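First up is the structure itself, then whatever we jot down about it.
When reading the values below, keep in mind they use all heavy atoms of this one structure, side chains included, and skip hydrogens, waters and symmetry mates. In this text the structure is predicted, and so the values were computed from the model without any measurement.
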Amino acid sequence: MRSILLNKSSLDIFLLEDELTINEGKSGLPQIKIDNKYGSALISIYGAQLLSYKTKMNQENELLFVSESAYFEEGKAIKGGIPICWPWFGRDPENLGRQMHGFARNMLWQIEETESINDEGTKVVLSLSESDESYKLWPHDFKVILTINVGKTLRLSLQTVNTGNKAFSITQALHAYFGVEDIGQTQVAGLDGVKYIDTVNGANKSEMQEGSISVNQEIDRIYTDVPNRTVLIDQKSKREVVIDSSGSKTTVVWNPWIAISKSSGDLNDDAYKRFICIETANAAEDVVVIEPSDSFTIEAEYKVNVYSVL
């Protein structure tokens with residue numbers, strides 16, 4: 001895992017003076033650090049996982065939640081930030097005993113490109129392709145390309161390219177953990193009237209959302225045929241996060257609540273109070289089939305608005 005940092009001269013072409021550096025993070029996992037005129041960000045190359053984003057206008061207000069007990073070690077997912085769930089979301093769709101949410105978040109990606117763009121901020125492109133390790137889990141040729149733009153807003157684009165000679169299907173998600181000051185004073189707006197699958201209660205039929213979502217117990221819902229915009233309202237922090245997405249018909253809303261937080265080795269007992277996941281996804285029946293030489297892209301843009309009064 002450390003090998004990418006041993007030959008630091010090979011990384012020089014990706015450095016951006018006074019804007020982007022590449023360093024060792026926890027347990028030696030390589031990380032990209034961005035600090036530009038619009039904001040700052042931290043990206044783990046392991047898992048291609050965004051771990052932090054702050055705007056220059058509000059440096060004390062972190063967008064994302066990362067667990068204080070998160071694992072930072074090879075073969076394990078980092079709890080928090082924006083993990084990449086790919087090429088399947090949730091449980092192994094073929095019941096072969098493979099890990100939850102696919103393997104992309106547990107592999108070392110490659111840096112493809114970094115660029116400073118006037119009036120837009122900093123662009124980072126990471127990629128993951130088939131390997132002996134991936135073939136053991138999923139027998140397909142592919143290239144997954146994650147583009148992260150850190151500017152006035154945060155933009156993520158995940159492109160899947162079928163480089164093989166047979167079609168394959170995927171489900172996926174940008175599994176965003178948003179930090180909140182108090183889950184009891186948090187709402188998710190924009191899904192009123194949208195049908196959802198309640199996976200906590202094992203519902204086999206869709207239910208209908210009425211009004212905004214408030215959380216006072218475990219919640220794990222897959223919203224289907226969703227609009228392109230969802231809004232997180234963090235009342236205690238006096239901010240909202242506007243989430244605009246494309247390529248996605250599904251939004252997942254999750255908070256583990258008390259029991260799961262206490263039983264999870266990578267979550268503190270009270271962690272549920274400080275985050276909510278709002279995931280831009282292709283999940284449930286929203287399965288994407290990609291033909292040979294074809295590609296599919298899912299995108300999300302996050303804009304933070306801070307108010308003196310909400």
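- The closest side-chain heavy-atom distance from D294 to N162 is not below 4.5 Å.
- Shown here for Y46 and R105, the closest heavy-atom pair between the two residues is CE2-O, 4.0 Å.
- The two residues A176 and Y302 have their closest heavy-atom pair at CB-OH, 4.1 Å.
- In this model, no donor atom of one side chain and acceptor atom of the other lie less than 3.5 Å apart for S67 and D266.
- The side chain to side chain contact (heavy atoms under 4.5 Å, CB included) with I111 is formed by just one residue from the set I32, V125, I13; it is I32.
- For the pair I145/E112, no side-chain contact is recorded, criterion being any heavy-atom separation below 4.5 Å from C-beta on.
- Tracing side-chain contacts under 4.5 Å through hydrophobic residues (I, L, V, M, F, W, Y), one never reaches V241 starting from M57; they form parts of separate clusters.
- A donor-acceptor contact under 3.5 angstrom links the side chains of S237 and E181, judged on distance only.
- Tested against L232, the residues I276, V253, I213, V242 include a single side chain to side chain contact (heavy atoms under 4.5 Å, CB included) partner, I276.
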For residues 135-142, dump all side-chain donor-acceptor pairs below 3.5 Å to protein atoms at least two apart in sequence or in another chain.
{"from": "Y135", "atom 1": "OH", "to": "D141", "atom 2": "OD1", "distance (Å)": "2.3"}

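- By the 30° and 60° cut-offs, the orientation of the rings of H175 relative to H101 is perpendicular.
- The number of heavy atoms from other shown groups lying within 6.0 Å of CD (E115) is above 12.
- In this structure, D269 does not pair ionically with K262, as no charged nitrogen and carboxylate oxygen lie closer than 4.0 Å.
- Here the CD1 atom belonging to I22 is positioned 4.5 Å from the CG atom belonging to L11, to the nearest 0.5 angstrom.
- Test I82, L63, D234, V188 against F178 for side chain to side chain contact (heavy atoms under 4.5 Å, CB included) and you get one pass: L63.
- Residues A189 and S212 approach most closely at CB-OG, 3.7 Å, considering heavy atoms.
- Summarising the hydrophobic clusters (Ile, Leu, Val, Met, Phe, Trp, Tyr; side-chain heavy atoms under 4.5 Å, direct or chained), the residues clustered with F275 are F65, Y177, W254, L267.
- The distance from the CG atom of L174 to the SG atom of C277 is 12.0 Å, given to the nearest 0.5 Å.
- Within the 4.5 Å cutoff, the side chain of L20 has heavy atoms near those of the V124 side chain.
- For the pair D119/K37, a side-chain contact is recorded, criterion being any heavy-atom separation below 4.5 Å from C-beta on.
- Note: S248 OG to N282 CG = 5.5 Å, rounded to the nearest 0.5 Å.
- Looking at D286 and T224, their side chains never come closer than 4.5 Å, going by heavy atoms from C-beta outward.
- Scanning all heavy atoms of the two residues, the minimum distance from S52 to E62 falls at OG-OE1, 2.6 Å.
- Interatomic distance, Q172 CD to I298 CD1, rounded to the nearest 0.5 Å: 4.5 Å.
- The distance from the CD1 atom of I197 to the OH atom of Y223 is 11.5 Å, given to the nearest 0.5 Å.
- At least one donor-acceptor pair under 3.5 Å links the side chain of Q209 to the backbone N or O of G211.
- Looking at every heavy atom in both residues, P227 comes nearest to L191 through CD-CD2, 4.1 Å.
- Atom CG of D270 sits in a crowded spot, with more than 12 heavy atoms from other residues, nucleotides or ligands closer than 6.0 Å.
- Between L51 and I78 there is a side-chain heavy-atom pair separated by less than 4.5 Å.
- We find the CD1-OH distance between I219 and Y272 to be 15.0 Å, quoted to the nearest 0.5 Å.
- Side-chain atoms of I84 and V144, non-hydrogen and from C-beta on, never get closer than 4.5 Å to each other.
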Could you pull out all donor-acceptor pairs under 3.5 Å where a side-chain atom in residues 148-159 meets a protein atom, sequence neighbours excluded?
{"from": "T153", "atom 1": "OG1", "to": "E301", "atom 2": "OE2", "distance (Å)": "2.7"}
{"from": "S157", "atom 1": "OG", "to": "E299", "atom 2": "OE2", "distance (Å)": "3.4"}
{"from": "Q159", "atom 1": "NE2", "to": "S295", "atom 2": "OG", "distance (Å)": "3.3"}

